[in-house]
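Take a look at the structure set out below.
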Amino acid sequence: MKLLEGKSVLVTGGSTGIGRAAAIGAAEAGADVAINYHSRDEDAAAVVAAIEAKGRRALAVKGDVADPATASDFIARAVAAFGKVDVMVSNAGICPFHAFLDMPVETVERTVQVNLLGGYFMCQAAAQQMVVQGHGGAIVAVSSISALVGGEYQTHYTPTKAGLHSLMQSAAIALGRHGIRCNSVLPGTILTEINKDDLADAEKRKYMESRVPLGRLGQPEDLAGPIVFLASDMAAYVTGAALLVDGGAFVNLQ
Ligand code: RM4
């Protein structure tokens, strides 16, 4: 029996990076998977093909998570395709690295809208559907090590990741009576589109690598197992929790 056999799993920001790895990992674990994506049509189609190649049903729905209507549309389309929503992986996020003192207003607003409000609307819409279905569910937010530590060029971003972590804690309380579990993963530095430019600086990349006890930066696939676990019945008594997936970076201070 696979961990997510027969489940309907939704992933936001599913065309690349951690979202893509979570979507394919969920399909490998036996789930039908719907992805939301913002703009990369070809990448989204490739994820759909990868899921179908595993013998599972797949759906890609385009939309900007900053718009609350995207969440209701995504849920409705997934229900039309698979009949239900069992798991929401709220992953879509941006991090336009920028200094604090001259951070443009639009950059702050967009980052909060996508990362925090987008996550809020998606999790809320998924929870509403799960409550109607009446058989519980699981929500996994892709927060970050940045929920716990700062970043000089991430003053707009770290509060959104702390916010997602906090959202899972409050939602765990609000939804426990419905059998809906809410947890977050806190990835460290994972090599994806979000930090490609930032890590193009060879010195910075080397420094970041040197901070990781396991000796390497993360790959998106490093998140698939932890996300599938939290989404699955193996984590039936886990809610309101946050799981660092950072190669040990967070504890490596002294
Ligand atoms: C993470 C952490 C990583 C960075 C990403 C964008 O939380 O700060 O180092 O690459 O955010």
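Because the structure is predicted, anything quoted here is derived from the model rather than measured.
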Phe121 atom CZ, neighbour heavy-atom count above 12 within 6.0 Å | yes
Minimal heavy-atom distance between Gly93 and Val114, with the atoms involved, is CA-CG1, 4.1 Å
NZ/Lys206: more than 12 non-hydrogen atoms of other groups inside 6.0 Å = no
Where do Arg57 and Ala81 come nearest, in terms of heavy atoms and distance?
-> NH1-O, 3.4 Å
Between Val79 and Val85, is a side chain to side chain contact (heavy atoms under 4.5 Å, CB included) present by the stated rule, with each step listed?
-> CA-CA 6 Å; Val79 171; Val85 173; 3.9 Å; yes
Start with the C-alpha gap between Glu193 and Arg20, add the side-chain angles, then the distance that decides, and say whether salt bridge (charged side-chain N to carboxylate O under 4.0 Å, His left out) holds.
-> CA-CA 12 Å; Glu193 291 294 324; Arg20 174 180 187 279; over 6 Å; no
So do the side chains of Met88 and Thr12 get within less than 4.5 Å of each other, counting heavy atoms only?
-> yes
Identify the two heavy atoms, one from Gly119 and one from Ser90, that lie closest to each other, and give their separation to 0.1 Å.
-> CA-OG, 3.3 Å
Is there a path of hydrophobic side-chain contacts, each under 4.5 Å between heavy atoms of I, L, V, M, F, W or Y residues, that connects Leu217 with Ile190?
-> no
Evaluate whether atom CD of Glu42 has more than 12 neighbouring non-hydrogen atoms of other residues, nucleotides or ligands under 6.0 angstrom away.
-> no
Has the side chain of Asp222 got a donor or acceptor atom that lies under 3.5 Å from a matching backbone atom of Gln219?
-> yes
Residues sharing Leu101's hydrophobic cluster, by side-chain heavy-atom contacts under 4.5 Å among ILVMFWY, directly or via others?
-> Phe100
Extract all donor-acceptor atom pairs below 3.5 Å that involve side chains of residues 157-165 and protein atoms in other chains or at least two apart in sequence.
unit_1, atom_1, unit_2, atom_2, d
Thr158, OG1, Gln154, O, 3.4
Thr160, OG1, Asn115, ND2, 3.2
Thr160, OG1, Tyr157, O, 2.6
Lys161, NZ, Val142, O, 3.0

Would you say the side chain of Leu243 lies within less than 4.5 Å of the side chain of Val238, judging by non-hydrogen atoms?
-> no
Evaluation steps, side chain to side chain contact (heavy atoms under 4.5 Å, CB included), between Ile227 and Ile18 = CA-CA 10 Å; Ile227 290 172; Ile18 293 171; 4.1 Å; yes
Say you draw a straight line from CZ of Phe82 to OG of Ser8; how long is it, rounded to the nearest 0.5 Å?
-> 6.0 Å
Nearest heavy-atom contact between Pro96 and Thr111 is CD-OG1, 3.7 Å
Given side chain to side chain contact (heavy atoms under 4.5 Å, CB included), test Glu209 with Thr189 step by step and report yes or no.
-> CA-CA 9 Å; Glu209 274 164 1; Thr189 307; over 6 Å; no
To the nearest 0.5 Å, atom SG of Cys182 lies from atom CD1 of Ile173 at 10.0 Å
Are any of the side-chain heavy atoms of Phe250 and Val149 separated by less than 4.5 Å?
-> yes
Salt bridge (charged side-chain N to carboxylate O under 4.0 Å, His left out) evaluation trace for Arg211 with Asp246 | CA-CA 10 Å; Arg211 304 267 323 155; Asp246 67 346; over 6 Å; no
Straight-line distance of Arg56 CZ to Glu28 CD, nearest 0.5 Å = 12.0 Å
What distance separates Ile24 CD1 from Lys54 NZ, expressed to the nearest 0.5 Å?
-> 7.0 Å
If every non-hydrogen atom of Lys204 is compared with every non-hydrogen atom of Phe97, which pair is closest and at what distance?
-> NZ-CE2, 4.3 Å
Got Asp233 and Lys7 here, is their nearest side-chain heavy-atom distance under 4.5 Å?
-> yes
